[in-house]
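Down below is the structure, laid out as structure tokens.
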Number of protein chains: 2
Amino acid sequence: MVPPVSPGPPSRGKHASIVDVAALAGVSISTVSRVLGERARVHSATRQRVLEAIQALKYVALPHASVLASGRTRTVGIITPSMTGWYFGNVIGGAWEVLHSSGYDLQLHNLARPEARDRFFDRMSIVRRVDAVISVGLPDDQELVTALRTLGLPLVVLGARAPGLTSVAIDDVKAARSAVRYLIHQGHRRIAMLSDRDDGTGWTTATRARRQGYREALAELADGRDPDHDVVESEPGYDAGVRAATALMTRPDRPSAIFAEYDELALGALRALHLLDVAVPGQVSVIGLDDHTMAGAVDLTTVARPVHEEGALAGRLVLDLLADRSREPVDVTVPTRLIIRGSTNSHQQDAEPSGTQSLITFDR
Amino acid sequence: MVPPVSPGPPSRGKHASIVDVAALAGVSISTVSRVLGERARVHSATRQRVLEAIQALKYVALPHASVLASGRTRTVGIITPSMTGWYFGNVIGGAWEVLHSSGYDLQLHNLARPEARDRFFDRMSIVRRVDAVISVGLPDDQELVTALRTLGLPLVVLGARAPGLTSVAIDDVKAARSAVRYLIHQGHRRIAMLSDRDDGTGWTTATRARRQGYREALAELADGRDPDHDVVESEPGYDAGVRAATALMTRPDRPSAIFAEYDELALGALRALHLLDVAVPGQVSVIGLDDHTMAGAVDLTTVARPVHEEGALAGRLVLDLLADRSREPVDVTVPTRLIIRGSTNSHQQDAEPSGTQSLITFDR
DNA sequence: CTGAAAGCGCTAACAC
DNA sequence: GTGTTAGCGCTTTCAG
């Protein structure tokens, strides 16, 4: 029996619910649910009436109720070891754009602090709260990675690799190597690396790979020096970078060039050098990695990566996985390129200009 | 009758629910709910057993179910006209810290695009999804402000004022005025302002106030010029700032100083001047507003504001309102201070150094 | 202090 | 195609 059409006030409370829409349209609530869900077929005349009722009542379904009833959340969880870094903000932004336009919300899980990370992995308090997960980086602990896998949710990794998992990343070893090689080609021999300290959060994949690239490039010098001697550890972020670089330049044996693991650290180094009255690139060259928004502003030479696109790509892969969970995992490698600006120059006048084929320059 | 203690597998599905906890603890689900809620009194021995069961099962309540049942969401909505700006990221971060530590989640509503804004205000699709709202800025349209008020939710405004609403903000007029006055005291007479274009989103409160401060300072010059002549409009953000400043400096009558409405624009201006080979502060001085993370790095003189604290303060006020809805609205004004760095200097050699009592300098 | 039971608003079989 | 009817997991009267 068709419920009577009674366009009165909402049944209870002051907000229209699916019951009110059904009543106004003269159909059952399941029919309303069907036109809302857009999956089941509904007679177009009926759908029309329902749509009009929805319009008239300005009805919007309560997500909490749908989640409870359906198990689907239309939400993607993002787990990161930081929320404040430039890189994180930008990949999240990229992912947000594509996911949002497909009707998905983002739920950020910041595992910066160890206790947050432990709580997260202990309770796995993400299951049934999201439909899929993007992990920005990966914990070092393989058990935690396994825990992530056994969540049973579509999973995309950003900035790291793991067998059997879909991932989007740059080649960190190569990116770091090319940065250091460039400095070497410019004639530098004492090259320090500014790098994140392993602060016990156990989230060091990228850092380790970049140190590896640094070591590989220096090894080609075969000068018998211990490359790790010149690795300076810093807390993450610009301010910490200033401090770390200051400490570095206060040592008796100053390097002639600094490779910073990522641009925020490089920007900090530039600031420190400025404060110490060390000329850049006259006395010390600096190279970074990311192509931070401000890199151009301070003329920082850097290895660029398409951060925003990396995030967007991860979002798209999540959508693919959501559409077909049995999809084969893929490892997408996004390209990096060296952008030569004014913070680096030849250390020795007689050094040959670099002729490496992999050096591509661009600037916007 | 007490349900039998049966520590078997979860009732259904693979996740423990409140039923499983109740069974394990040998109590009813209402008792479990009570210890979860922390409001009702429960016999401490009972509570202990429930807690142990929760521990053993690694149980975490499903928020969607609680929301549906209780109407409380433990979520605060933040509406902003942008998500990417430095200012927005930082106030959101500040609010997040205090709200998160009180168990609240944040739900971001980005009303950057007009259609997003219209949809938002049309459906008010935030009611029953959040317990309170923080509005970063306010729409120009008073009807929309009214709509916000009639949401019936605790509301805190960040960066703008409205009668009867709790707010946290700097004095934009004064901040802008002091920046321009400083330039004037330095001997500048042709001072341009770089400012956000009213892009039709109708969210221009701060911009208008800052232009007002700029005008007031210039009026003190009483040189008969039309101050609006030197207001240059820009899209928001660093890159747009570069373009706008480039356009400005390409005009026949270049200013000797630029006041940028906020630091990202000022940073863009510095970049543009660098590209155009205009010496800073030799030929042109630049002053901003915010004290952006990178302001120190590029030696930008600016009017600092405690952005992170502003966000945290808004969070705290929301919490207060949540605890007592009848609390009287307050308008908190946070202080700003001029930070003199290297991007500004005396325009005329014979100009007196500024002796204004309100000039406070600091640098970290 | 604790248990029973009635929903919160919606989806998903299952009938018709 | 459309309606009926169980729940989804939790909170909250209301008894006791």
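Residue numbers begin at 1 in each chain, while the letters A, B, ... track the order of the sequences.
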Q: Give a yes or no answer on whether the side chain of A/T31 reaches the backbone of A/I29 with a donor-acceptor pair at less than 3.5 Å.
A: no
Set out, line by line, the N/O atom pairs under 3.5 Å between protein and nucleotides 12-16 of chain D.
{"from": "D/dT12", "atom 1": "OP1", "to": "B/R72", "atom 2": "NH2", "distance (Å)": "2.4"}

Q. Which nucleotide, C/dG9, D/dG9, D/dG3, lies nearest any side-chain atom of A/L62?
A. C/dG9
Q: Give a yes or no answer on whether the side chain of A/S135 reaches the backbone of A/G137 with a donor-acceptor pair at less than 3.5 Å.
A: yes
(Q) With a cut-off of less than 4.0 Å, is there a side-chain N or O of B/S17 near OP1 or OP2 of D/dG9? (A) no
**Q.** Length of the CG-C1' vector between B/D20 and D/dC8, whole Å
**A.** 14 Å
Q. What residues in residues 41-51 of chain A put a non-hydrogen atom under 4.0 Å from any atom of DNA chain D?
A. A/R41, A/V42, A/H43, A/T46
(Q) Does either side chain, that of A/S30 or that of A/S28, offer a donor lying less than 3.5 Å from an acceptor on the other one? (A) yes
**Q.** Minimum-distance nucleotide (side-chain atoms of A/I18 versus D/dG3, D/dC10, C/dC10)
**A.** C/dC10
Q: Nearest whole angstrom, please: distance from the C1' of D/dT11 to the CG of B/D131.
A: 14 Å
Q. Of the nucleotides C/dG9, D/dG9, C/dT11, which one has an atom closest to the side chain of B/A65?
A. D/dG9
Q.
If the test is salt bridge (Lys or Arg N to Asp or Glu O under 4.0 Å), which one of A/R113, A/R117, A/R119 qualifies with A/E115?
A. A/R113
Q. Under the 3.5 angstrom rule, does the side chain of B/T150 hit a backbone N or O of B/A147 as a donor-acceptor pair?
A. yes
(Q) For B/H109 and B/Q107, which I'm curious about, is there any donor-acceptor pair between the side chains at under 3.5 Å? (A) yes
Q.
Test salt bridge (charged side-chain N to carboxylate O under 4.0 Å, His left out) on B/D105 and B/R74; report intermediate values, then the result.
A. CA-CA 6 Å; B/D105 280 337; B/R74 301 235 50 136; over 6 Å; no
Q) Which part of the nucleic acid does B/A40 contact within heavy-atom distance under 4.0 Å: base, sugar-phosphate only, or nothing? A) nothing
(Q) Regarding B/D131 and B/R72, does a basic nitrogen lie under 4.0 Å from an acidic carboxylate oxygen? (A) no
